[in-house]
Every structure is written in C-alpha cells, then in structure tokens.
Amino acid sequence: MNASKLFVAGMALSMSATAFAAGAHDGGHGHGATSGEPGKASEASRTVTVEMYDNYYEPEEISVKPGETVRFVVENKGNLVHEFSVGTPDMHEAHQEEMMMMVEHGVIQGGKLNHDMMNMDMGNGHSMKHDDPNSVLLEPGQSKEVVWKFSDKGNIEFACNVPGHYQAGMYGEVNFE
Amino acid sequence: MKPRFLTGLLSLLMPAMVLAGEYDLTVDRVKIDTGDFVKEGIGYNGASPGPVMRFKEGETVKINVTNNLDEMTSIHWHGLILPFNQDGVPGISFPGIKPGETFTYEFPIQQAGTYWFHSHSGFQEPDGAYGAIVIEPEGREPFRYDREFVVQLTDKHPHSGDRIMRNLKMMPDYYNREQQTVGEFFSDASKNGLMNTVRDRMAWGDMRMMKADVEDLQGFTGLINGKGPDQNWTGLFEPGERIRLRFINSSAMTYFDIRIPGLDMTVVQADGNNVQPVNVDEFRIGVAETYDVIVHPKDEQAYTIFAESMGRSGYARATLAPEEGMEAAVPQLRDPARLTMADMSGMPGMDHGSMAGMDHGGMDMGSSEDMSGMDHSSMEGMDHSNMDSMDHSNMEGMDHGSMTMGKEDKSDPFYAKGSGLMPKAANGGKFLSYADLKAQDPLYEDREPTREIELRLTGNMERYTWSINGVKYEDADPIRLKYGERVRFKFVNETMMTHPMHLHGMWSILDVGAGQWNPIKHTVSVNPGTTVYMETEVDAPGQWAFHCHLSYHAAAGMFRKVIVEGGPDSTQAKTDAIAEDGGEV
C-alpha cells in the first residue's frame, strides 16, 4: 500500500524553519508582510502573559509598535494540547498541514504529546520536534516563552494550529499602534 | 454531576437571583408549502417549523403549551436534561395535553447548545410539529463566530403520517422507488454471470429485504427551515465573517449528507455538546441528531448548503450569500447508494454456505480497506530502501491504526466493512466519522460500567415490524436501571436499516474508543451489520422513553420504556401518577 509513500512524504516535510519558509511565500494579502523575527529577551520592552484555554486565548488581542520586541509567557490552562504561534494567516494555514501530520502520527494525542515520536529521526535531519522560534506547543499545565520582534505593520495573528482549533476561533489579533 | 449539584444549591440559597423566563406555544393546524406541494399539517404558533426557542443556561423556564387541535398532543424537549414528568412523552412522562387545554412545563435549564423540540403524539412530528432550541451558555463559548443560523432539516412528504404508516404496513416497499428491475437483473447477469446474479437475488429474498432499501420512505421534499429547494432559504453574511451553523435533522425518516461546496466546515458540537473541533468537507446527520459547524466564507459570493439524502432519493438546499437573491450552483444528486452483503452481515439465519459463489467484486472492499484489516503480506513489494535512516526503535509507541493513508483510503469503523452506505466526500476530502468525535470537556469521569445490556435491533421488512430483541414495544417489559449505576448498552443491528437510537433523560456516552474523551450524545446511529456501544450514567430518576427515532420504526415497536429505580428521596419518582389513558407514544 502507501506506507512507504507516507514516510517519504514525512521525511520530505520539514517541521523546522517553517516561519521563514512560509513567510517567504506569503504575500497573498498584498502587504508583503512578514511576521517579524526571533527577538532577544534582553531587548524585550515588556512581558505579555497569554493563557490558553480549550479552545481560546486570553487575551484575544494585543497591541504592539512596529519593531517592538515582546516577551510572551504562554501558559496552557486547558485540558488539551495547544499552540501559540505568531504569523500571518497564510503561514498558519501552511503550518496546519504539518500539525495535521503530527496528529495522524500520534504526536499530538488530545491532552498529551508523544515526545519519543517528536524526536524520531525522520531522515535527512528532519523530525517533528516543533522547535520553530515563532511558536510553542504545550501540554496542559505547561508554560513556555516566545520572544518575538515584530517587524512592520501587517496582518499578524497569534494562533493555535492544532487541527480544527484555529478554524473554531483559537486565534488572536496583533494590532499595530 | 458536580455542576448540577452546585446549580441546585445556588437556586436554593438565592431564589431571587435565579433567572426565570416564561414562554407561550400554541399547537395549531397549519398550511405547509414546500414549493412542490401544499398540504395541511401541524405547527407551533401558526407555522411549521415552530419558533426557535432561545434559553439561557441557569434559567428556569416556564412554557405554556395550548392545544388548539381536536386531538391529544405533547411536546418533548429533545436532548434536554430535566425531571421525567416534564419530558413530554404521553403514557410515560405524563398523560398528554387534551384538546383546548393549556399545559405548563417548568424545568431548569442545566446545559447549553443546539437542541430541538417536537410532538411525541402519533405522527404529529412528521406532520410538522417541530421547532429548534438554542441555549446560550453561562460562560463564554469555547469558539468564536460573528453570526449564527439554525439550519433545521426535514423530509416533508405529501402524505400524512397516518397514511404513510398504513401504506407501509400494507406494502412495505410502497415508497421504495429504487427497487431493482428485471432489466437490471439481466444487465447484472451479463456483467457478473447468471448464477452469481441469481444467488445474489435469492440471498436478498431469503432476508425478506429488497436490495435498495436504504430508505423505506421516498418521495419527500427536503426542507431547510421550512423552505423547499426552489424556495431556497438564504442566510446573509459579510465576507470574512465566521458563521456558526446549527444543523438539526428533524426528519421523520431521512439521513442527510451535508456539504457546502467551496467552504471547509469545522464541527464544534454534536447533539448539543461541544466536541474537539474537526475540519471536514462533508458530514452525515442522522435523524434527530444535531451538528454545529463553523464556516469562514472570505469571498463576495454565494454558497449552496447541499443536503443529499443518504439513499440519494431527494435533497434539501439552502444558500449562504452576501446579498438576498444571490445563488450558487446546485450539485447533481450522486448515484443511489445500494446496500451490499456486508450490510446484511448482522442478520441471523443467513445461510452463508450458499454464498460461496457470491461475487465480492461488487462489494467495494478495495478502496475502503483500512490499516487494521490490511493484509501485510501484500506489502512485500514495498521499497524499504528509502527508510534506512529511520530509527525503528523509537516507533514502538506508534499507533498504526490511527494513521491516515491518504484521506480517501480511510474507512469508517462505524460501518460494516464493504458497506454500500460507507460515506465518501463528494470532493474526495474528509467525511466526518463518529470516530472523530471527542468530548471537548467531558461531563462525566470515565469509569468501568457496572453491567452490560445487549439490545439487538430487529425487524421484518416484509411485515414492516420493528422491534428490540425480537419483541415489539406493546409486548415488552420495561428496561429496569438502578440509580447510580453506569450501564453499557450493546446495540447489535440485525436489520439492514440504520437506526438512530434515542434514550430520553440521560446522556448516551458513545464509545468511540477514546476513553474519557468519548463524546456524549442524545441520539446514537447504528448502521446495518454493526455493533455499537454506548454507556449511560444512570443519574435521572423516573421513567423514560428509549427508541429508534425513525418515526415509523418507533411506531411499529422499536421502542422501550426505561424505569430508573431508586434515587435521592427528594426526587423519588412518583411514576404511579401517570395515567395510562394518554398512552399513545
């Protein structure tokens, strides 16, 4: 059957470097926007705590200045695995396919992450580690930081790309002051 | 159970703070115009469907129902958790509502979501006596949307319910237009060989079934919110908005396959209970079920909501559009579904010996085979050479059963393997399965059931009798449950029809193999040739109805009374008070 094909596809799809790759072919909205770049904690102007519930964020919008570096402390207060990912709607859509694969491979199992599967070598140095600097994937009760330097004005959202969560409304707006 | 207790406590301590709403409903003779035909029917507040009843979780509702008919009536609040004497089933909850009488229902609203209400008397429900219920939660919804619409479906037939039942009893294939013809016999014979075709037909004859019996009631017009396909109910939106659609199937007999070409749908609720969101291209809604989906139309264009009946004998159609009058293309009906031998596999007494020569080629096994049943020996030709760098030692925890091998290759475990009813999305994409439904926030803790009760769903199509464990309602003893137990029901469908089983008063925890995340429903669909398990926390004293929600199956006897014995003293059921004279259910 297609088992071999699936694995080839799995190996070809990198889970890393998504933010930049997807950002490069963004532009569907004509802003030419990028979501920004990883920031240095020492340059962060402030800390914003974002709580993740099943399936929504608190707060659901934040305001930033162009060029501002923000330190996000992200806490999963729900019972399901959730993601906090900064990007444009197109980037989120592209990332959702990878997240779907993580569910299909049993990496994301409702309220648990299978860490062995995440670290599994998929060949060519790829894995499903989910280690992009623009996002964190958290089990219930976990807390992690994302330090992000917002570049210019654009259509930027923070979103959970666990399959179905974004579509159900687990996203928040980033407004530029 | 805890939240319910708290609500009760709060209402004791702070009676002044409890919300209370009073509502009036009249039960009336109405005219129903489907665009194809006009008929007399029954409705609420002068129309069919009746109004959308909007309640708030935590509120105590008082509903005055005035019967303007010249016959008994009743209203059942489908899916609501309430005291049994408010459940509205004549002969089980109360005697019914006499002509000219006003009956006042009063009960606390202790849940949120999309539900519906309908008459539980005679065939008033198929005749038009139904409406929608929308309950706003106390806290926020765990999803976001800008606007919402109820999308309530029914299968409106030109004949009255009484007449349909008489005709079905006289001639069970009266409304079956898809029967195979002599011409088809010869074309099958030339394709499959004469002996195979004869054997196939003889096997179906032995089972007293007609091969095309996916739907035993055809000739209906599908309605959405009371509008036929040409009347085209339309919901307006602004491009970029997220829209919550509350689908309710209020049909007498018809399952619908629903899609909105051009839009992905995210299922967020089933039978009023939030589920972990699932992105789908299409879903099947059983009779009496509800599904809430969120769609996100970004373009300035119209979209067709297309609901084909499971047997493809009819459809309902509506439109989402930025402006009144805009329309999108209406798809063609797909080819009629045909049952296969796999759908008969649950039937006892089938002589499998005579089936040796059966042509399995027509059984559609190839494309629907899933991983668990896969013959690994056929994988010898696989090229493993690309996989050298993989470290297999880490793979032990991998669940091959849940792997999707390309979307269209996945078969739905809730259908018999090779079933002619196996749903497929029109665009080749994702079709919702019960296996995808996981509770968003489980209501009950998972625990071992205290006992199992087997319910064989049985029937004889030739005499149009439908029953449970071979016994129809009027000859059956009630099912007795004990307050506080957790019962595991095992449904074994020995018929070739799909049965949407509805237990009143208590939740049906559908076993999808997800343990504590198993979803809770009020209606559980059991496909032909399959066994489905559900568990019930017996937490509601009194007596309740438990039946197939296909109107004519329930009336023919696929129905039981459930008695819950024991319970807290204050709510001890006073079931003796229920008169038997209103006993029509």
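Throughout, protein chains are lettered first and strands after them, A, B, ... in sequence-line order, and every chain is numbered starting at 1. All values derive from a computational prediction rather than experimental measurement.
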Review point. Does NZ or CZ of R242(B) come closer than 6.0 Å to the centre of the six-membered ring of Y166(A), within 45° of the ring's axis?
Key: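 Yes, R242(B) sits over the ring of Y166(A).
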
Identify the heavy atoms of [X] and [Y] that sit nearest to each other, and give their distance.
{"X": "G164(A)", "Y": "P277(B)", "value": "O-CB, 3.2 Å"}
{"X": "N279(B)", "Y": "P163(A)", "value": "ND2-C, 4.4 Å"}
{"X": "G110(A)", "Y": "Q276(B)", "value": "CA-OE1, 4.4 Å"}
{"X": "P142(B)", "Y": "D54(A)", "value": "CB-O, 3.2 Å"}

Check your understanding: Has the side chain of Q167(A) got a donor or acceptor atom that lies under 3.5 Å from a matching backbone atom of M265(B)?
Key ->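 Answer holds: no.
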
Practice item. Say whether, by atom type as modelled, one donor and one acceptor occur between the side chain of R144(B) and the main chain of Y171(A) under 3.5 angstrom. Key: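 Between the backbone of Y171(A) and the side chain of R144(B) there is a qualifying donor-acceptor contact (under 3.5 Å).
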
Check your understanding: In terms of heavy-atom contacts, does CD of E177(A) have more than 12 from other residues, nucleotides or ligands at under 6.0 Å?
Key ->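 Yes, because the 6.0 Å sphere around CD of E177(A) holds more than 12 heavy atoms from other groups.
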
**Study point:** Any Q440(B) side-chain heavy atom under 4.5 Å of N55(A) side chain
**Key:**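 The answer is yes; the side chains approach within 4.5 Å.
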
Exercise for review: Flag the pair R140(B) and E60(A) as a salt bridge only when some basic side-chain nitrogen lies within less than 4.0 angstrom of an acidic carboxylate oxygen.
Suggested key: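 Yes, this pair counts.
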
Review point. Rounded to the nearest 0.5 Å, how far does CG of L80(A) lie from CH2 of W517(B)?
Key: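 Going from CH2 on W517(B) over to CG on L80(A), the span is 4.5 Å.
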
